[in-house]
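First comes the structure, then the notes that go with it.
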Amino acid sequence: GTLWSMADAYGPLVALSVYGKMFGENGESRERPKLELAAEGLWDIIRKMRRDGVAYHQWIPFIHVGM
């Protein structure tokens with residue numbers, strides 16, 4: 001989630017990473033999401049955005065709270 005405004009370009013990328021991790025990626029498919037992988041999916045995309053030189057104010061609004 002995010003508590004602050006975010007760029008429209010990055011919201012879908014974050015969602016794809018988080019839900020891709022939870023429901024399975026690379027051809028793997030899960031009937032039920034693995035909720036414990038949500039934080040890992042978020043960390044993956046934030047790490048990629050930072051590596052790609054995306055300005056911090058574009059990736060910093062995204063947070064994970066919970067498991």
Side-chain angles (χ1 to χ4, degrees):
T2 179
L3 300 175
W4 304 275
S5 61
M6 56 165 220
D8 289 341
Y10 296 109
L13 295 176
V14 171
L16 282 172
S17 179
V18 171
Y19 287 102
K21 187 64 82 171
M22 288 174 19
F23 280 96
E25 45 194 2
N26 301 328
E28 177 190 354
S29 180
R30 294 188 190 102
E31 193 172 308
R32 298 175 135 212
K34 285 185 141 186
L35 302 178
E36 64 272 17
L37 296 178
E40 187 176 329
L42 180 60
W43 174 239
D44 289 347
I45 192 63
I46 298 301
R47 189 174 42 210
K48 179 182 182 332
M49 290 170 72
R50 293 176 70 180
R51 247 191 337 258
D52 292 348
V54 173
Y56 82 93
H57 66 274
Q58 300 289 1
W59 55 261
I60 208 165
F62 298 100
I63 62 170
H64 178 271
V65 178
M67 296 178 42

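Values below: every heavy atom of this structure, side chains too, minus hydrogens, waters and symmetry copies.
Linking ILVMFWY residues whenever their side-chain heavy atoms come closer than 4.5 Å, directly or via other members, leaves L16 and I63 in distinct clusters. Linking ILVMFWY residues whenever their side-chain heavy atoms come closer than 4.5 Å, directly or via other members, leaves M6 and W43 in distinct clusters.
Nearest approach of P12 to D8, heavy atoms of both residues: CD-O, 3.0 Å. Counting all heavy atoms, side chain and backbone alike, A38 lies closest to H64 at CB-NE2, 3.9 Å. Closest heavy-atom contact between Q58 and A7: OE1-CB, 2.9 Å. In plain terms, the two heavy atoms of L35 and M22 that are nearest each other are CD2-CE, 4.0 Å.
Put simply, the side chain of S17 never gets that close to the backbone of L42: no donor and acceptor are under 3.5 Å apart.
Note that the CG atom of L13 and the CZ atom of F62 stand 8.5 Å from one another [nearest 0.5 Å]. The distance from the CZ atom of F23 to the NZ atom of K34 is 13.0 Å, given to the nearest 0.5 Å.
For the pair I46 and M49, the minimum side-chain heavy-atom distance is below 4.5 Å. In this structure, Y10 and V54 have side chains that are in contact, with non-hydrogen atoms separated by less than 4.5 Å.
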